[in-house]
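First the structure, in the form of structure tokens, and then the observations on it.
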Amino acid sequence: MVEAARGNHLSVGRCLVIHPVLRQTPNERREVSRAPQERLAEAASLAAAINLEVVEAQLIRVRDWRPSTLLGKGAVETLAQTIETLAVAVVVIDAAVSPVQQRNLEREWKCKVIDRTGLILEIFGARARTHEGRLQVEHAALTYQRSRLVRSWTHLERQRGGFGFLGGPGESQLELDRRIITDRITAIDRDLETVRRTRSLHRGARKKVPTPVVALVGYTNAGKSTLFNRLTHAEVMATDMLFATLDPTMRKLDLPSGREAILSDTVGFISDLPTHLVAAFRATLEEVVEADLIVHVRDIHHPETEAQRADVQGVLNDLGLGETVEHGLVEALNKIDLLPDEQRQALLTQAQRNQDAVPISALTGEGCDELLALWDHRLDTDRRSVTLDVPLSDGASLAWVYRHGEVVHRDDDESEAHVEVRMSEADLGRFRARLRH
Ligand SMILES: Nc1nc2c(ncn2[C@@H]2O[C@H](COP(=O)(O)OP(=O)(O)O)[C@@H](O)[C@H]2O)c(=O)[nH]1
Ligand SMILES: [Mg+2]
């Protein structure tokens, strides 16, 4: 788990991740469950995704949920020790934590506490790139905030007979906060409606860099960031202006053919995503629609790897990428180093027949060369070289060609520019449609 944070250049705080589970009865204890460990690993990956430095991750067994602190008294005290010893600045609790519990724990531990929804919203907020994505995330964040205002109020109302509380805001302040939030949510709903209506326009006018984009998708903890770090070279960023201006989840990738691409590490899928966050999550994936190649990174060692695969494909279908899922999705079958020999051999044999799936270990590097070769091949067949004749009077179309393709050669006569260009099939189609109008 600690490794997950290592690749990030900038840490915003030492972090302790805990996943609380209700203590099992002696009967239940007999079945060894991997699930809580998987959940803890996922939570640690989520924390690493917002540049928290995960210094410790623990499963905490609880007998029952305590209203005041969620966890039992003993656990709170033991964790206070750990927090002090490890100089932890942020505790991520992979559960729903009420505002009161949060406040009490922050006081006990003298550090920031953030719950599962809060963490997910942080990630979406940091990653939403499109206008629509940002609106969706703000919408979800405000709804979360509003529900907490209400919940904390009703909770304390019960406790304190309807009077204000703990030096916090009184009833009228809460009402005011609620109203401001509600107004803002209404405004966002209106904006989202407008964005949706004009979306096709935006898509048509989008600017596209000539460098192809390869997007990594997949569940959180599948190994996307590990692969991203292995394949790209962080040191290139400082010297190369184009790439220096991209955000840290996009980096230059050198393919074996010498071709350059941009590798994009997207927000991971999250198990049991709270339903009110689904729209915001999908919005963060909007960028994937524009990628030249989509690579599904799968944790092939995960007990639910097949269900995860179906989930990811389902969401890609909903994003209008059904065609890609059918024909063009590349799979990186990750973590083969964890498989027992037999299973691993079976997978390698199977992969020889399947052109689109490459078994790899992002950790050891095994299979990564094959994966890159496949990407190279895919991008090559996708972008082809053509000569376009563009009237010299049509400066806008000429500019469009330069923006969307890689111009190899240009030869002008009196009336036309003959431009030899490498361009994707999709963009060629767009260009022809453009000239017809
Ligand atoms: N054994 C093994 N562990 C891996 C491999 N790839 C990633 N991991 C581990 O899986 C965890 C999640 O990796 P990360 O790259 O953060 O996943 P992401 O959430 O998809 O970005 C980390 O602890 C990695 O060290 C792999 O190929 N083999
Ligand atoms: Mg990641």
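These figures come from a predicted structure and were not determined experimentally. We count ligands from 1, going down the list as the structure has it; atoms in each ligand are counted the same way.
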Within the structure, is a non-hydrogen atom of Y219 found at a distance of less than 4.0 Å from ligand 1? yes

Any atom of ligand 1 sitting under 4.0 Å from a heavy atom of A48? no

Would you please test D376 and S257 for side chain to side chain donor-acceptor pair (under 3.5 Å) and show each step? CA-CA 7 Å; D376 228 344; S257 64; 2.8 Å; yes

Check whether more than 12 heavy atoms from other residues, nucleotides or ligands sit under 6.0 Å from atom [atom1] of [X], and answer yes or no.
{"X": "Q355", "atom1": "CD", "answer": "no"}
{"X": "Q58", "atom1": "CD", "answer": "yes"}
{"X": "E108", "atom1": "CD", "answer": "no"}

For the pair [X] and [Y], find out whether any cationic side-chain nitrogen is under 4.0 Å from an anionic carboxylate oxygen.
{"X": "K110", "Y": "E84", "result": "no"}
{"X": "K73", "Y": "E77", "result": "yes"}
{"X": "K335", "Y": "D299", "result": "yes"}

Using a distance-only test with no angle check, is there a side-chain donor-acceptor pair under 3.5 angstrom linking T69 and N104? no

E42-S271 side chain donor-acceptor pair, cut-off 3.5 Å: yes

Are any of the N or O atoms of [X] closer than 3.5 Å to those of ligand 1?
{"X": "A222", "value": "yes"}
{"X": "D265", "value": "no"}
{"X": "G223", "value": "yes"}
{"X": "T220", "value": "no"}
{"X": "L227", "value": "no"}

Measuring from atom 15 (O) of ligand 1, which candidate in V297, N221, T226, V54 has the nearest non-hydrogen atom? T226

Please report the shortest heavy-atom distance between A215 and V288, naming the atom on each side. CB-CG2, 4.5 Å

Do the side chain of T305 and the main chain of H302 share a donor and acceptor less than 3.5 angstrom apart? no

Side-chain (E106) to main-chain (V113) donor-acceptor, under 3.5 angstrom: yes

Just which atoms of ligand 1 are under 4.0 Å from any heavy atom in [X]?
{"X": "S225", "result": "15 (O), 18 (P), 21 (O)"}
{"X": "L338", "result": "1 (N)"}
{"X": "K224", "result": "15 (O), 17 (O), 18 (P), 19 (O), 20 (O), 21 (O)"}

Which protein N, O or S atoms lie under 2.8 Å from the Mg ion (ligand 2), given by chain and residue number? S225 OG

Quick one: look at L363 and ligand 1, take heavy-atom pairs under 4.0 Å, and tell me if it's side chain, backbone, both or neither. both

What part of S45, side chain, backbone, both or neither, has a heavy atom within less than 4.0 angstrom of ligand 1? side chain

